[in-house]
Amino acid sequence: MNLEHTYLNQTLRKKMKGKVLLLTTLLLGLACIGWTQRTGGLQPGDDAPDFRLKNIDNQMVSLADYKQAKGFIIVFTCNHCPFAKLYEDRIIALHNKYASKGYPVVAINPNDATKQPEDNFEMMVQRAQEKSFPYVYLQDETQEVARTYGAARTPHVWILQKQDNKLKVVYVGGIDNNPEDAANATEKYVERAIEELQAGRMVSKATTKAIGCTIKWRE
Amino acid sequence: MKVCQSLFMLIFLITVLYSLNAQSQQVEVVGVDKVEQLLKNQSDTLHIVNFWATWCAPCVKELPDFIRIGEKFGHKNVCLWLISMDFRSSLETKLKPFLRSKNIQQPVWLLNNTDYDKWIPLIDGNWQGDIPFTLIFNNQRNQKVTISGETDYQRLEQLLEEMF
C-alpha cells in the first residue's frame with residue numbers, strides 16, 4: 001500500500017512538473033511575443049516569414065515565388081504619403097539596379113483604404129501604371145504583414161537575405177539621408193547594405209531611423 | 001475729401017493689422033542642438049513638444065487640439081512647442097502660408113536637419129521616425145510621456161491632468 005502510494009505520488013509529481021514546465025514555456029513564449037512587439041517587430045538577425053499578398057495585377061505573390069533571388073528589398077510604402085512619393089523614383093532605381101543582382105524590390109502598401117482612400121487597390125493600380133513600377137506592388141489588406149514586420153511608417157525598408165533556405169533580416173530602416181534631394185544624400189543606407197552583401201560582408205549599419213507617414217491602422 | 005481720408009485710414013489700418021499678423025507667425029529655423037537644449041530644460045515647466053509637418057494629414061488634424069490644450073493649461077507652467085519637419089525650402093511656400101491660413105499664432109520651429117538617423121535617437125530611443133510624435137515632460141519632476149501617432153484633445157487633457 002505504502003509503496004503504491006509513494007509510486008502514485010511520484011507519477012503525480014512528475015505530471016505536475018510537466019505541467020509547470022509547459023506553463024513556464026508558454027509564459028516565456030508569450031513574454032517573447034510581447035517583447036518583439038515592444039521592440040518594433042523584426043530586427044536584424046531575425047528570420048523573416050513569407051507572406052502571400054495580392055499584386056496590382058490581381059495575382060497572389062509570395063517571396064517563395066522568387067526562386068533565383070538572393071534576398072529582397074521589402075519596402076512598406078503607399079500612394080498618398082508625400083515622403084513615400086519623394087522616394088518613388090529612388091525605389092524604382094533600387095529595383096532596376098539590384099533586381100538583376102538578386103535583390104528585387106517588393107513594395108507593400110499597408111494602409112487601411114477606408115482611412116486613406118488614396119491608398120485603395122484601384123489607386124494602387126493607377127499609381128503603378130503612371131510610374132511604370134518595375135516591381136510588384138502588393139496590398140497588405142489585413143495589415144498582418146506590416147504588424148509582423150513591425151512597420152511603423154511609409155517608407156520603411158527591410159532587407160532580407162537568403163541564408164540556408166531561410167530569409168534573414170539584415171537591415172531595417174530608411175533609404176538614404178536626404179528625402180528632399182536624392183543627389184545630395186550623403187548616406188545611401190539601402191545601396192550600401194546591398195553592396196556589402198554582394199561583397200560577402202556583414203551590413204555595417206543594420207538599422208537606421210527616418211521620418212515618414214504613420215501607417216494608417218484599421219480601428 | 002472726407003471719403004478719401006477715411007479710405008486712406010482704412011487701407012493704412014488694414015496694412016498695419018496685416019503686417020502685425022504676419023509678424024506674429026514668426027517661424028524660427030533651428031538646428032538639432034536647440035531641440036536638445038529644450039529637452040534638457042530643468043525648470044518646473046511641463047513642456048509639450050509636438051513634431052509635425054504641413055504634409056502630414058494626422059498632424060494637421062491634431063494641431064488645433066494642441067493649441068487648445070496649450071491655451072487651457074497656459075496658466076499652469078505649460079509650454080507648447082510646435083516643431084515642424086517641413087523642409088527649409090518650403091518655409092515660405094508651404095509652412096508660412098499654412099500657419100497664416102490656419103491663423104496659428106504660436107511660435108513654430110522649423111527643424112532644419114534631414115539627417116534623421118543622426119538625431120531621431122537623441123530625441124527619444126523608441127521613436128521610429130513616424131509623425132506625429134509628441135513628447136510631454138517636466139524634467140524637474142522626472143515626468144515623461146511620449147505619444148507615437150495621433151492623439152486628440154480629450155486624451156491630452158486627461159494626460160495633463162494626471163501629470164499635475
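The chains referred to below are lettered A, B, ... by the order of the sequence lines, with proteins before strands, and numbering in each begins at 1. Small disclaimer: the values here were computed from a predicted structure and weren't measured.
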Given that the side chain runs from C-beta out, which part of A:T207 has a heavy atom under 4.5 Å from chain B: side chain, backbone, both or neither? backbone
For A:H80, which atoms come within 4.5 Å of any heavy atom of chain B: side chain, backbone, both, or neither? neither
Can you tell me if [atom1] on [X] sees more than 12 non-hydrogen neighbours from other groups inside 6.0 Å?
X	atom1	answer
B:K102	NZ	no
A:E141	CD	no
A:Q163	CD	yes
B:K61	NZ	no
B:R88	CZ	no
B:Q154	CD	no
B:K94	NZ	no
A:E130	CD	yes

Any heavy-atom pair between the side chains of A:L86 and B:F87 that's under 4.5 Å? yes
Using side-chain heavy atoms (C-beta onward) and a distance below 4.5 Å, is A:E187 in contact with B:D117? no
Out of B:P121, B:A53, B:C56, B:S89, which one racks up the most heavy-atom pairs below 4.5 Å with chain A? B:S89
Let's test your reading of the structure: which of B:G149, B:G129, B:S148 forms the most heavy-atom pairs below 4.5 Å with chain A? B:G129
Give the minimum heavy-atom separation between [X] and [Y], together with the two atoms involved.
X	Y	value
A:K209	B:N126	NZ-C, 4.3 Å
A:P179	B:Y116	CG-CE1, 3.5 Å
A:C213	B:W55	SG-CZ3, 3.5 Å

Assess the side chains of A:E180 and B:T114: does a donor N or O sit below 3.5 Å from an acceptor N or O? no
Do you know which of A:I211, A:T214, A:T208 has the most heavy-atom pairs with chain B at a distance under 4.5 angstrom? A:I211
